[in-house]
Protein chains: 2
Amino acid sequence: MTAHAEHLAVIAQADIFHNLDTPALRSVMAYAVAAHYQEGEFVFYQDDPAERVYVLAEGRLRLLQLTPEGAQINMGLVSPGQAIAVISLLEAQRYPVSAQAIGSALVLSWSRRDLHHLMIGCPQIALNALQELSQRMIEFQDRLRELTTERVERRIARGLLRLARQAGRKTEQGVLIDLPVSRQDLAEMTGTTLFTVSRTLSQWEERGIISAGRERILIRFPHGLVTIAEDLPAPHPPPSEKPSDSQV
Amino acid sequence: MTAHAEHLAVIAQADIFHNLDTPALRSVMAYAVAAHYQEGEFVFYQDDPAERVYVLAEGRLRLLQLTPEGAQINMGLVSPGQAIAVISLLEAQRYPVSAQAIGSALVLSWSRRDLHHLMIGCPQIALNALQELSQRMIEFQDRLRELTTERVERRIARGLLRLARQAGRKTEQGVLIDLPVSRQDLAEMTGTTLFTVSRTLSQWEERGIISAGRERILIRFPHGLVTIAEDLPAPHPPPSEKPSDSQV
DNA sequence: CGTATTTTTGAAGCGATTCAATGGACGTGG
DNA sequence: CCACGTCCATTGAATCGCTTCAAAAATACG
């Protein structure tokens with residue numbers, strides 16, 4: 001399905017199309033293909049030939065990598081405006097990850113040929129893509145450092161904070177992760193097991209830092225998480241305002 | 001020091017300047033600055049304002065990241081022709097790692113302004129940079145996956161194989177890592193401790209897979225490493241041709 | 001209301017780290 | 001050329017953080 005005028009605003013807001021003038025945006029749009037995905041559907045699969053570059057318009061995507069042994073790890077969350085599979089610009093490459101829709105998602109995409117052509121005509125696009133990739137590179141370096149040098153509890157704290165930044169919604173009670181996140185998901189994001197995640201969250205819940213349910217996490221006291229993530233001395237005890245039970 | 005004509009060949013071979021015509025190469029050269037570094041000197045330091053993009057012409061660089069606690073991890077090895085610090089294209093960024101010379105190194109560099117200007121005039125440069133970054137991104141994803149899912153022995157095997165690919169020199173005895181690599185270095189590359197690396201290498205040496213000395217590693221039987229890295233069933237026993245001792 | 005999925009919790013075990021002490025290689029200067 | 005100091009590597013023993021496995025509880029959903 002070719003993109004329509006309604007997508008122009010979306011395209012204009014995408015990171016890799018920043019600072020383009022209207023004519024440029026129009027030609028970008030002319031080559032765009034829009035597609036809709038339902039919860040759980042895959043936009044592309046790891047190891048398939050990489051032929052298109054995608055920009056998420058609405059919804060969210062999860063990037064997954066499967067190990068040869070069948071274990072799964074979470075390579076990141078994609079939010080609207082972000083581009084993925086920039087690798088497709090190279091010839092004869094394969095997607096290094098799979099991209100799966102969380103909830104329903106609207107995705108625009110361009111073929112290698114077309115995007116290449118657009119970039120030659122408008123170098124700003126390539127520069128924007130470079131920026132986005134660089135940023136993500138730094139994020140990966142950070143994750144790598146964390147994995148090699150930090151204990152699990154700290155990594156989980158960081159993982160939660162990252163999630164909060166990308167998909168947090170402020171409520172009166174605190175910051176709610178506005179996505180279904182299972183213990184398993186968190187484990188895949190932080191390089192541990194769902195058991196350890198469960199234990200850690202329970203501990204935090206006792207301390208009043210968070211409030212967790214089935215696939216649902218509410219951060220009541222973000223600063224508490226920060227002190228864990230940064231390994232600072234324990235702060236003031238969190239404001240103890242638990243919903244119901246008060247005798248502990 | 002401004003680059004001279006002698007650097008033109010180097011520039012033409014750099015990955016990010018591939019497929020440029022001679023006029024373009026000349027203008028790239030016009031903006032280049034060349035600098036020489038001695039063993040151990042730093043090209044730039046982590047957290048310094050990122051103002052230049054570098055291309056390694058000769059020698060090798062080590063990319064290091066320092067944790068807040070002072071631990072160090074090795075973010076990769078840079079070989080001639082590779083570009084680093086592409087992040088400098090963004091404004092107001094800081095280098096996420098430090099770059100240190102191994103042996104003596106010749107480095108060319110461009111200011112943000114100049115390279116930006118060159119890229120606008122010649123989009124191919126930006127596309128090349130995108131390619132290079134994408135490749136490195138995949139490498140990082142792999143390392144991340146390895147770190148979260150694989151045991152130490154396997155990671156060390158992979159680390160050694162990577163080193164062999166980047167800096168291996170074939171000899172009659174096997175593949176020699178053509179760089180001083182300490183146990184500590186390997187530990188920083190693979191996310192473990194120098195003790196565990198030492199133990200692992202000793203074990204491999206007993207099995208005849210490698211032959212290790214002080215900051216020196218010779219891979220006698222690369223296939224043995226591959227089977228460890230890929231977790232294949234143990235292969236034929238390695239060709240047992242130890243230099244001296246034969247009674248074991 | 002039954003079934004499926006997610007989560008919790010306990011107990012056992014192990015891989016890897018930590019620490020300490022020793023050994024060996026290298027370079028330097030007497 | 002030997003003696004020395006420095007740096008790197010090895011090895012053992014103790015410990016621990018985390019995983020693994022099993023079982024039960026809690027929650028969602030048709």
Side-chain angles (χ1 to χ4, degrees), chain A residues 39-40 67 69-74 102-103 146-160 177 179-207 210-218 228 231 243-245, chain B residues 39-40 62 67 69-74 102 146-160 177 179-207 210-218 228 231 243-245:
Chain A
E39 155 72 28
T67 72
E69 281 77 20
Q72 205 175 62
I73 59 174
N74 193 315
I102 308 177
E146 290 166 20
L147 267 172
T148 57
T149 64
E150 295 175 2
R151 293 275 134 87
V152 166
E153 186 185 22
R154 231 169 134 175
R155 303 208 305 264
I156 300 175
R158 281 190 203 275
L160 255 188
I177 307 297
L179 276 178
V181 182
S182 69
R183 306 294 181 268
Q184 175 69 36
D185 288 335
L186 255 178
E188 284 171 12
M189 292 173 51
T190 53
T192 178
T193 63
L194 79 160
F195 307 103
T196 301
V197 171
S198 175
R199 276 181 245 271
T200 307
L201 293 193
S202 298
Q203 205 182 306
W204 290 347
E205 191 151 18
E206 270 177 28
R207 291 212 260 153
I210 66 168
S211 166
R214 186 195 170 100
E215 299 195 315
R216 201 193 65 90
I217 300 172
L218 174 74
I228 294 169
D231 200 23
S244 50
D245 81 40
Chain B
E39 153 72 27
R62 179 189 288 139
T67 72
E69 281 76 22
Q72 207 174 61
I73 59 174
N74 193 316
I102 308 178
E146 290 165 20
L147 266 171
T148 57
T149 63
E150 295 174 3
R151 293 276 133 87
V152 166
E153 187 186 23
R154 230 169 135 177
R155 302 209 304 264
I156 300 176
R158 280 189 203 276
L160 254 189
I177 307 295
L179 275 177
V181 183
S182 69
R183 306 296 180 266
Q184 175 70 34
D185 289 334
L186 255 178
E188 284 170 12
M189 293 172 50
T190 54
T192 178
T193 62
L194 80 159
F195 307 102
T196 301
V197 170
S198 174
R199 276 181 248 271
T200 306
L201 293 193
S202 298
Q203 205 182 305
W204 290 346
E205 192 152 18
E206 270 177 29
R207 290 214 259 153
I210 66 167
S211 167
R214 185 196 171 97
E215 298 194 317
R216 202 192 66 92
I217 300 173
L218 174 74
I228 294 170
D231 201 21
S244 49
D245 82 35

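Labels below follow one simple rule: chain letters A, B, ... track the order of the sequence lines, proteins then strands, and each chain is numbered from 1. Worth saying up front: this structure is predicted, and the values here are computed from it rather than measured.
Between the P atom of D:dT10 and the CD atom of B:E205 lies a distance of 8 Å, rounded to the nearest Å. Rounded to whole Å, the distance from CD on A:E153 to P on D:dC16 is 17 Å. Atom-to-atom, CZ of A:R154 to P of D:dG17 comes out at 15 Å; the value is rounded to the nearest Å. When the P atom of D:dT20 is taken as reference, atom CD of A:E69 falls 12 Å away, rounded to whole Å. Residue A:L147 contributes atom CG, which lies 13 Å from atom P of C:dT17 at whole-angstrom precision. Between the CD atom of A:Q203 and the P atom of D:dC18 there is a distance of 11 Å, given to the nearest Å. Separating the CZ atom of B:F195 from the P atom of C:dT22 is a distance of 15 Å, rounded to the nearest angstrom. Residue B:L194 contributes atom CG, which lies 15 Å from atom P of D:dC7 at whole-angstrom precision.
Annotation for B:S182 and B:E215: closest pair CB-OE2, 3.9 Å, computed over non-hydrogen atoms. Nearest heavy-atom pair, B:G191 versus B:L147, reported as atom, atom and distance to 0.1 Å: CA-CD2, 4.4 Å. Taking each heavy atom of B:E146 and B:R155 in turn, the nearest pair found is O-CD, 3.6 Å. Looking at every heavy atom in both residues, A:A212 comes nearest to A:R183 through CB-NH2, 3.5 Å. Annotation for B:E39 and B:I102: closest pair OE1-C, 3.7 Å, computed over non-hydrogen atoms.
The phosphate of D:dT10 has OP1 or OP2 within less than 4.0 Å of a side-chain N or O from B:S198. Checking the phosphate oxygens (OP1, OP2) of D:dT20, no side-chain nitrogen or oxygen of A:T193 falls inside 4.0 Å. Listed pair B:T196 / C:dG15 fails the phosphate criterion, with no side-chain N or O lying under 4.0 Å from OP1 or OP2.
For B:R199 against C:dG15, a side-chain-to-base donor-acceptor contact under 3.5 Å is absent.
Near DNA chain D, meaning a heavy atom under 4.0 Å away, there are no residues from residues 181-188 of chain A.
When heavy atoms are screened at a 4.0 angstrom cut-off, B:S202 is found touching the sugar-phosphate backbone but no base atom.
The residue among A:R151 and A:E215 whose nearest nucleotide of DNA chain C is located toward the 5' end is A:E215.
Annotation: side chain of B:T196 is not in contact with side chain of B:T190 (no heavy-atom distance under 4.5 Å). Contact annotation: the side chain of A:P180 never approaches that of A:R216 to less than 4.5 Å [non-hydrogen atoms, C-beta and beyond].
Distances from the side chain of A:R214 to the nucleotides D:dT10, D:dC18, D:dA28 place D:dA28 closest.
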